[in-house]
Amino acid sequence: MNEKKFPWALKYGVMLGLTSIILTVLLHMLGLEMNRAVGSITGIGVSILFLVLCLKAYRDHNQGMSYGEGVGLGTLTGVVSSAISAVFTYVFYKFINPEMIDKIHEMTLEELEDREGLTDEQIDQAMEMTAMFTGPEVMSVFALLGGIFFAFILSLVIAAILKKERRPSFLD
């Protein structure tokens, strides 16, 4: 009765990836793209929601789910959604809104200048590092790897909560 996980991961991963894109565009349209708290809360909430829906649907369909199955399925769902998000991240920052990178640099510079005790040389070094990590290509890689890691961590917790051992069937 244990079905393959990929169709489940594909279905819910695509839904999570597309929902994340819609939220990103919505936050951009509302002028909240630089608000880290709003972005983090909505991103975490949506990720938890879709991982719970995915694991619960899989568990219910298969009359149970082991902890390992749940972690694997949740992580695989994260791979699918992160791949979609990584492609969108590249397109968004490279073609749709390249000026957003300049806004990130400006915000970083303001934060560094507000810190006490930093020399101009330290600020310049920090800004060089920021520039290295804020290109569309690098941001896409971080979206992919970070999304997978985040889905794995969430899956560890969600699978522990939703696991349900299958009852032995004498008819199989």
Side-chain angles (χ1 to χ4, degrees), residues 1-101 103-104 107-108 130 133-166:
M1 187 60 86
N2 182 3
E3 286 194 17
K4 302 265 187 235
K5 291 184 215 65
F6 187 72
W8 297 89
L10 183 63
K11 176 182 176 180
Y12 287 93
V14 167
M15 289 192 302
L16 175 55
L18 293 177
T19 303
S20 297
I21 289 170
I22 291 167
L23 281 174
T24 300
V25 171
L26 185 60
L27 290 175
H28 175 69
M29 290 172 55
L30 294 172
L32 296 171
E33 68 268 9
M34 297 302 286
N35 188 324
R36 291 181 186 153
V38 171
S40 296
I41 290 169
T42 56
I44 291 168
V46 166
S47 295
I48 291 171
L49 173 67
F50 279 100
L51 288 173
V52 166
L53 290 174
C54 179
L55 271 60
K56 186 174 181 328
Y58 177 85
R59 179 198 70 190
D60 293 349
H61 182 80
N62 289 289
Q63 288 89 41
M65 175 184 72
S66 71
Y67 179 69
E69 285 177 307
V71 172
L73 177 57
T75 303
L76 190 56
T77 303
V79 169
V80 173
S81 69
S82 297
I84 292 168
S85 294
V87 170
F88 173 75
T89 297
Y90 178 78
V91 170
F92 186 75
Y93 289 110
K94 184 75 172 182
F95 303 109
I96 297 172
N97 194 10
E99 61 273 359
M100 187 65 183
I101 293 174
K103 287 182 183 179
I104 293 169
M107 186 176 86
T108 303
T130 300
F133 290 106
T134 52
E137 298 82 4
V138 175
M139 291 172 75
S140 295
V141 170
F142 280 119
L144 177 66
L145 298 177
I148 294 169
F149 178 74
F150 184 64
F152 172 71
I153 298 300
L154 286 177
S155 296
L156 290 171
V157 175
I158 295 168
I161 295 168
L162 295 180
K163 72 179 178 172
K164 177 180 166 187
E165 297 305 320
R166 290 178 186 84

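Computed from a predicted model, the values in this text were never measured in an experiment.
The heavy-atom pair separating G74 from A151 by the smallest distance is O-CB, 3.9 Å. Residues V14 and V80 approach most closely at N-CG1, 3.7 Å, considering heavy atoms. Shortest non-hydrogen contact noted between S82 and L144 is CB-O, 3.6 Å. The heavy-atom pair separating A143 from A86 by the smallest distance is CB-CA, 4.1 Å. Closest approach of Y12 and A57 over heavy atoms only: OH-CB, 3.5 Å. When every heavy atom of L23 is checked against every heavy atom of V46, the shortest pair comes out as CD1-CG2, 3.2 Å.
By the 30° and 60° cut-offs, the orientation of the rings of F95 relative to Y90 is perpendicular. Ring geometry for H28 against F92 counts as perpendicular: the plane angle is over 60°, on a 0 to 90° scale with 30° as the lower cut.
Taking CD1 from I161 and CG from L55, the interatomic distance works out to 10.5 Å, rounded to the nearest 0.5 Å. Once rounded to the nearest 0.5 Å, the distance linking CG of L76 with CH2 of W8 reads 13.5 Å. Within the model, atoms CD1 of I158 and OG1 of T77 stand 10.0 Å from one another, a figure rounded to the nearest 0.5 Å. Going from atom CE of M34 over to atom CD1 of I104 covers 5.5 Å, rounded to the nearest 0.5 Å. We find the CD1-CZ distance between I48 and F150 to be 6.0 Å, quoted to the nearest 0.5 Å. Rounding to the nearest 0.5 Å places CG of L162 at 11.5 Å from OH of Y67.
For the pair F88 and V25, the minimum side-chain heavy-atom distance is below 4.5 Å. With a 4.5 Å cut-off on side-chain heavy atoms, S20 and I84 do not count as touching. No side-chain heavy atom of S155 sits under 4.5 Å from any side-chain heavy atom of L73.
A distance-only check finds no donor-acceptor pair linking the side chain of T89 to the backbone of M139 [under 3.5 Å]. One N or O on the side chain of R166 and one on the backbone of G64 form a donor-acceptor pair closer than 3.5 Å. A donor-acceptor pair under 3.5 Å is absent between the side-chain atoms of S40 and the main chain of A37, judged by distance alone.
Within 6.0 Å of atom CZ in F152, 12 or fewer heavy atoms from other residues, nucleotides or ligands are found, so the atom counts as exposed in its surroundings.
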**OP:** Run the numbers on E69 and K163 for salt bridge (charged side-chain N to carboxylate O under 4.0 Å, His left out), then give the verdict.
**Re:** CA-CA 9 Å; E69 285 177 307; K163 72 179 178 172; over 6 Å; no

